[in-house]
Visitor: 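Starting off with a structure, shown below.
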Amino acid sequence: MLLQLNNLVFFLTMPSAIVAKLWPALMVLFLVVCCAGVSNGGVTSHYVRKPEASVCMPKAAFPPPQGFNAPEQVHITQGDHVGRSMIISWVTPMEKYPNTVTYWAEGKGKDKHKKHSSIKFYRYFNYTSGYIHHATIKRLEYNTRYFYELGNGKATRQFFFTTPPKVGPDVPYTFGIIGDMGQTYDSNQTFEHYMSNTKAQAVLYVGDLSYADDHPYHDNVRWDTWARFVEKSNAYQPWFWTVGNHELDLAPEIGENKPFKPYTHRYHVPYRASKSTSPLWYSIKRASAYIICLSSYSAYGKYTAQYNWLKQEFPKVNRAETPWLIVLLHSPMYNSNNYHYMEGESMRVMFESWFVENKVDLVLSGHVHAYERSERISNVKYNITDRLCTPVKNPSAPIYITIGDGGNMEGLADRFTEPQPSYSAFREASFGHAILEIKNRTHAYYAWNRNQDNEAVMADSLWLYNRYWYPQEEHSSA
Ligand SMILES: *[C@@H]1O[C@H](CO)[C@@H](O)[C@H](O)[C@H]1NC(C)=O
Ligand SMILES: *[C@@H]1O[C@H](CO)[C@@H](O)[C@H](O)[C@H]1NC(C)=O
Ligand SMILES: *[C@@H]1O[C@H](CO)[C@@H](O)[C@H](O)[C@H]1NC(C)=O
Ligand SMILES: *[C@@H]1O[C@H](CO)[C@@H](O)[C@H](O)[C@H]1NC(C)=O
């Protein structure tokens, strides 16, 4: 430690031209010095998952549905800012038409509505997608079950969803939280486990969906099988998407230079409703929550579109209307795992002070294939001159949750840095998912479940207190 500090002083007294050249090294050293002294704080779970390879389920496990040109890969997400619209998406493998969704409110089957989809497809290396349909159905009633039908003749398929209650400060709502799922037998366990929870009404998905890019030539059939895999939840409840690095699908060696090509064709989000200029960052309101989804893999430096958008976004959040402010982003800002260590640092430097000033309740991330929950801490005094860069307890700061433990084929990130830094409250290298039950403007119950346990067993849980309405200190009950 002392030696490092001496080195730092040495660097700082060197001529500025040399310092400029050595700047990247200096930054790393500086951060090492600043972050080394943090004392041991939270819990590293003693639960050790049996090390097993995460094996992909075969493509044949997800055959297309029966019937000629049967609609498949059906998925829904919110279609506007407040929850009165739904984007219905599906794929027809052989023919473009029919491209209509027929829908009606429960008990009003005589009053059917139709909406046409926009149709697109894409090529990726030697893969050609089916016809991808997106239809936004609007002016839905709140808190109402709707049925919808796709396809025709023998290939007709019917689904349903429930619209959320009208946005309001004490409206209870339950979200599932899943990340980095992929399509292995472990992913299946995570998914089935989540499905067995009957309370969850929508999924906050923190990025990395299909892991098609881990297959030769980014085998895009894996995008199809993934959408078939999650259909039995995603056709019935909205999943809110955040992009991860596995959505980039950049492969210049096979002529694929357009980032996010498969993802943006397949998954639509209501980004225009929040005045965003890109589907990669946007916000929605649902019940008593205001949810902001950011892109770790798009520019976020000063003056960039994402930066400008986020800056204008925070003043729009009215905590008297939506008390719970939740941010989703893929690459975690606080991560004490050796995997992806400090990859989220540059975004933290840009955005953390806004999170604290605006009393964000929760920041949810994936990327690291393990689970970790932070204390309410901030590191916003960071200053190159006075070297203040130790995370400190801060009641206005969010809790950071890393939940990239959906079960993908890359396996677990099972090497944590030691000692556990004081900002880390709980960490464990197991696959799982979480549930966030918002009760009212002050209280929400949060619980993480590992796949090895029954859904009723919570490996990590606590009552969250809203930062705006009830900024008390929380105590984990695990
Ligand atoms: C795409 O090319 C790869 C490598 O040549 C080959 O293995 C695969 O079968 C091809 N797929 C299609 C759909 O032609
Ligand atoms: C996924 O899990 C469910 C429930 O345990 C099981 O019925 C199904 O066969 C599994 N899928 C595969 C491909 O193993
Ligand atoms: C950084 O810290 C030094 C020492 O406390 C202070 O004088 C300076 O104003 C700070 N710089 C900024 C940009 O806040
Ligand atoms: C909010 O919910 C919590 C947990 O259910 C409960 O203890 C509390 O009394 C509720 N607050 C109000 C004002 O109802």
Side-chain angles (χ1 to χ4, degrees), residues 5 8-9 12 19 23 26-27 30-31 33-34 52-65 72-73 91 93-94 121-132 176 178 181-198 200 210-236 249 251-256 261-262 265 302 348-350 352-354 356-357 378-390 392 406-409 431-433 449-457:
L5 275 172
L8 188 65
V9 171
L12 289 171
V19 171
W23 194 242
L26 183 60
M27 280 298 289
F30 178 64
L31 288 160
V33 169
C34 287
E52 293 157 355
S54 293
V55 178
C56 275
M57 295 182 281
K59 287 179 193 169
F62 304 103
E72 56 169 283
Q73 305 177 43
V91 171
M94 316 299 281
F121 73 95
Y122 70 93
R123 294 202 170 86
Y124 191 95
F125 185 49
N126 62 357
Y127 168 91
T128 305
S129 75
Y131 297 102
I132 303 170
I178 305 178
M181 198 158 89
Q183 42 193 309
T184 70
Y185 291 98
D186 290 304
S187 326
N188 194 37
Q189 261 194 327
T190 307
F191 181 60
E192 291 289 337
H193 213 173
Y194 168 69
M195 290 279 295
S196 74
N197 186 314
T198 51
S210 75
Y211 285 74
D213 62 342
D214 274 352
H215 295 269
Y217 311 99
H218 295 222
D219 185 358
N220 270 229
V221 174
R222 285 290 181 182
W223 275 106
D224 295 321
T225 52
W226 195 79
R228 290 181 199 141
F229 166 40
V230 299
E231 187 192 74
K232 68 179 169 178
S233 167
N234 202 182
Y236 300 88
D249 274 308
E253 66 283 5
I254 52 171
E256 293 299 341
K261 191 209 261 182
H265 279 83
K302 204 163 180 181
R348 186 188 70 74
V349 169
M350 295 313 298
E352 184 184 17
S353 59
W354 292 352
V356 176
E357 279 159 25
S378 72
N379 191 0
V380 290
K381 287 223 174 74
Y382 183 82
N383 174 325
I384 294 289
T385 318
D386 64 11
R387 286 176 264 148
L388 276 176
C389 76
T390 308
V392 292
N408 68 74
M409 68 192 277
F431 294 128
H433 74 279
N449 301 75
R450 67 169 80 87
N451 284 355
Q452 281 63 34
D453 298 328
N454 185 287
E455 178 72 14
V457 179

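Counting starts at 1 for both ligands and their atoms, following the listed order. Computed over heavy atoms, backbone and side chain alike; hydrogens, waters and symmetry mates excluded.
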Visitor: Any Lys/Arg nitrogen of Glu256 or Arg123 sitting under 4.0 Å from an Asp/Glu carboxylate oxygen of the other?
Guide: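 No, Glu256 and Arg123 are not salt-bridged.
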
Visitor: So is Asn188 polar-close to ligand 2, meaning N/O to N/O under 3.5 Å?
Guide: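 Indeed, backbone or side chain, Asn188 has an N or O that close.
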
Visitor: Protein heavy atoms near atom 11 (N) of ligand 1, is at least one of them under 4.0 angstrom away?
Guide: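 Yes, at least one protein heavy atom sits under 4.0 Å from atom 11 (N) of ligand 1.
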
Visitor: Within this structure, what is the CD-CZ distance for the pair Gln73 and Phe229, rounded to the nearest 0.5 Å?
Guide: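 These two atoms lie 13.5 Å from each other.
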
Visitor: Considering heavy atoms of the protein only, find what lies nearest to atom 2 (O) of ligand 1 and give residue, atom and distance to 0.1 Å.
Guide: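 Among all protein heavy atoms, the one nearest atom 2 (O) of ligand 1 is Asn126 ND2, 2.3 Å.
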
Visitor: Can Asp219 and Lys59 be counted as an ion pair, charged N to O under 4.0 angstrom?
Guide: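 A salt bridge links Asp219 with Lys59.
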
Visitor: What protein heavy atom lies closest to atom 9 (O) of ligand 3? Include the residue and the distance to one decimal.
Guide: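 Checked against all protein heavy atoms, atom 9 (O) of ligand 3 sits closest to Asn383 ND2, 4.8 Å.
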
Visitor: Look at atom 7 (O) of ligand 3 and say whether a protein heavy atom is found at less than 4.0 angstrom from it.
Guide: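 No, because not a single protein heavy atom sits under 4.0 Å from atom 7 (O) of ligand 3.
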
Visitor: Side chain or backbone, does Asp386 bring an N or O within less than 3.5 Å of an N or O on ligand 3?
Guide: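 Such a contact does occur with ligand 3.
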
Visitor: Please check if the distance between the ring centroids of His218 and Tyr124 is under 6.0 Å.
Guide: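 Distance test on ring centres: under 6.0 Å, yes.
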
Visitor: Scan the protein's non-hydrogen atoms and note whether one is under 4.0 Å from atom 14 (O) of ligand 2.
Guide: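 Yes, there is one.
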
Visitor: Can you tell me how far the SG atom of Cys56 sits from the CG atom of Asn408, to the nearest 0.5 Å?
Guide: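 CG of Asn408 is found 8.5 Å from SG of Cys56.
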
Visitor: With under 30° as parallel and over 60° as perpendicular, where do the rings of His433 and Tyr194 fit, or are they tilted in between?
Guide: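 Ring orientation of His433 relative to Tyr194: perpendicular.
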
Visitor: Please list, in number order, the atoms of ligand 1 under 4.0 Å from a heavy atom of Tyr217.
Guide: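 Checking each atom against Tyr217, I get 3 (C), 4 (C).
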
Visitor: Number the atoms of ligand 2 from 1 as they appear, then name those within less than 4.0 Å of a heavy atom of Ala61, with their elements.
Guide: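 Listed by number with element: 13 (C).
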
Visitor: Out of Gln189, Gln183, Met57, Glu192, indicate the one that has the non-hydrogen atom closest to atom 4 (C) of ligand 2.
Guide: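 Looking at heavy atoms only, the winner is Glu192.
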
Visitor: Of all the heavy-atom pairs spanning Glu455 and Ser196, show the shortest one and how long it is.
Guide: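 Taking Glu455 first and Ser196 second, the nearest heavy atoms are CB-OG, 3.7 Å.
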
Visitor: Can you list the atoms of ligand 2 that are under 4.0 Å from a heavy atom of Tyr185?
Guide: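 Matching atoms, with element in brackets: 14 (O).
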
Visitor: Taking all atoms of both residues into account, what is the closest heavy-atom pair of Gly130 and Phe121, and its distance?
Guide: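 Minimum heavy-atom contact is O-CB, 3.4 Å.
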
